[in-house]
Protein chains: 2
Amino acid sequence: MRYSSRRQLILDTLRSCTNHPTAEELYTMVRKQMPSISLGTVYRNLNVLVDSDEIRKFEPPGQIKARYDAKREEHAHLVCRECNTVYDLNLPEVSSIDEEVEKITGFCTEQRDIVLNGVCRSCRDLLRNQRTAL
Amino acid sequence: MRYSSRRQLILDTLRSCTNHPTAEELYTMVRKQMPSISLGTVYRNLNVLVDSDEIRKFEPPGQIKARYDAKREEHAHLVCRECNTVYDLNLPEVSSIDEEVEKITGFCTEQRDIVLNGVCRSCRDLLRNQRTAL
DNA sequence: ATAGCTGCAAAATGTTTGCGCGAAA
DNA sequence: TTTCGCGCAAACATTTTGCAGCTAT
């Protein structure tokens with residue numbers, strides 16, 4: 001795996017993120033350090049990094065744009081339907097179902113996408129206040 | 001909720017499917033009974049049915065087209081990376097983690113998307129045979 | 001009459017790709 | 001000298017939408 005200056009910058013930038021930026025958000029961040037970079041290059045390198053398992057692509061159900069995640073440990077995502085924020089959640093015991101699934105169905109799991117959709121705490125509080133204000 | 005002839009036909013057609021058709025696949029099926037229907041109408045009615053919780057939209061990670069599902073009971077999806085088939089899998093005890101999640105994070109889960117990516121049995125067998133044939 | 005539904009075609013959107021050029025191994 | 005990566009812009013694919021007419025209430 002070769003790392004051009006752009007590929008390295010994109011990877012480093014994503015690693016510095018605690019949230020899960022879209023390609024365009026990353027493009028905006030990266031351009032601050034390398035103004036000549038193009039959006040196509042960001043997409044191309046993100047795809048390369050995904051294919052080599054360096055990062056993960058995440059397509060939140062109900063949102064159009066893909067998001068990217070430098071965290072490689074197994075974890076689930078919480079997606080707030082109000083603010084669209086994506087939170088991480090560790091679910092240590094989840095991969096234990098793979099064996100059971102294979103025994104029953106013959107399906108060999110390689111990777112899991114576990115998404116909980118709902119409302120995060122701060123949005124829940126906001127909604128509650130709006131209601132009492134009426 | 002009012003049901004036009006097209007909306008009803010789209011819903012009935014989807015209910016008759018054991019797999020998880022895309023909008024275009026449904027369009028093809030529906031046109032056999034109603035050749036004048038348009039693809040836009042299929043999309044519009046699918047959105048209405050999703051919004052009213054009559055059906056579920058499912059966007060398999062790594063596939064571009066959305067798929068639709070008339071089954072309303074909670075279930076997970078197995079997506080084969082070889083043939084792209086989407087299988088259903090019942091996971092009865094899954095919703096029990098919601099309380100735990102809310103206690104820890106304050107996130108209130110309303111709906112779960114659980115996808116296992118891997119290789120289904122028939123594709124696994126195919127791959128195995130190809131390898132021994134070499 | 002009024003609200004909702006439809007076909008059609010155009011638009012919108014996120015992502016990919018072809019090309020010619022330049023940099024790196 | 002050959003492979004890879006780049007910027008740019010055009011292409012692509014799925015889905016949405018504006019419009020004008022129609023259907024049912």
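Throughout, protein chains are lettered first and strands after them, A, B, ... in sequence-line order, and every chain is numbered starting at 1. Because the structure is a prediction, the values reported are computed rather than measured.
Annotation: proximity of residues 47-70 of chain B to DNA chain C (heavy atom, distance under 4.0 Å) is found for no residue. Listed by residue number, there are no residues of residues 23-32 of chain A with a heavy-atom contact under 4.0 Å to DNA chain D. Residues from residues 35-44 of chain A placing a heavy atom under 4.0 Å of any atom in DNA chain C, listed by number, are Tyr43(A), Arg44(A).
Taking CG from Leu39(B) and CZ from Arg31(B), the interatomic distance works out to 8.5 Å, rounded to the nearest 0.5 Å. Note that CZ of Arg56(B) and CG of Asp113(B) are 5.0 Å apart. Values are rounded to the nearest 0.5 Å.
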Report all side-chain donor-acceptor pairs from residues 21-30 of chain A shorter than 3.5 Å, counting only partners two or more places apart or in another chain.
from     : atom 1 : to       : atom 2 : distance (Å)
Thr22(A) : OG1    : Glu25(A) : N      : 3.2
Glu25(A) : OE1    : Thr22(A) : N      : 2.9
Thr28(A) : OG1    : Glu24(A) : O      : 3.1

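A donor-acceptor pair under 3.5 Å links the side-chain atoms of Arg124(B) to the main chain of Gly106(A), judged by distance alone. The backbone N or O of Gln111(B) lies less than 3.5 Å from a partner atom in the side chain of Asn117(A), making a donor-acceptor pair. Under a 3.5 Å cut-off, the side chain of His20(A) and the backbone N or O of Arg67(A) do not form any donor-acceptor pair.
When the local axes at the two ends of the helix from dA1(C)-dT25(D) to dA25(C)-dT1(D) are compared, using 5 base pairs at each end, they differ in direction by 20° after rounding to 10°.
Applying the salt bridge (Lys or Arg N to Asp or Glu O under 4.0 Å) criterion to Glu110(B), with sequence neighbours excluded, gives Arg81(A). Remark: Asp51(B) pairs with no residue by the side chain to side chain contact (heavy atoms under 4.5 Å, CB included) rule, at least two apart or across chains. Remark: Arg72(B) pairs with Glu54(B) by the side chain to side chain contact (heavy atoms under 4.5 Å, CB included) rule, at least two apart or across chains. With sequence neighbours excluded, the residues forming a side chain to side chain contact (heavy atoms under 4.5 Å, CB included) with Arg7(B) are Met1(B), Tyr3(B), Ser4(B), Asn45(B), Val48(B), Leu49(B), listed by chain and number.
Put simply, the side chain of Ile10(B) does not reach to within 4.5 Å of the side chain of Leu14(B), judged on heavy atoms. Within the 4.5 Å cutoff, the side chain of Glu102(A) has no heavy atoms near those of the Asp98(A) side chain.
A tilted orientation is assigned to the rings of His77(A) and Phe58(A), their planes being inclined by 30° to 60°.
First and last contacts of DNA chain D with chain B, using any nucleotide atom under 4.0 Å from a protein heavy atom and ordered 5' to 3', fall at dT14(D) to dG18(D). Protein chain A contacts DNA chain C over a range whose 5' and 3' limits, counting nucleotides with an atom under 4.0 angstrom from a non-hydrogen atom, are dG14(C) to dG18(C).
Of all heavy-atom pairs spanning Tyr87(B) and Ser122(B), the tightest one is OH-OG, 4.4 Å. Pairing each heavy atom of Glu59(B) with each of Gly62(A), the nearest pair is OE1-N, 3.0 Å. Scanning all heavy atoms of the two residues, the minimum distance from Leu91(A) to Ala76(A) falls at CD1-CB, 3.5 Å.
Residue pairs meeting the side-chain hydrogen bond (donor to acceptor under 3.5 Å, both in side chains) criterion with at least one member in residues 35-44 of chain B, sequence neighbours excluded: Ser38(B)-Thr41(B).
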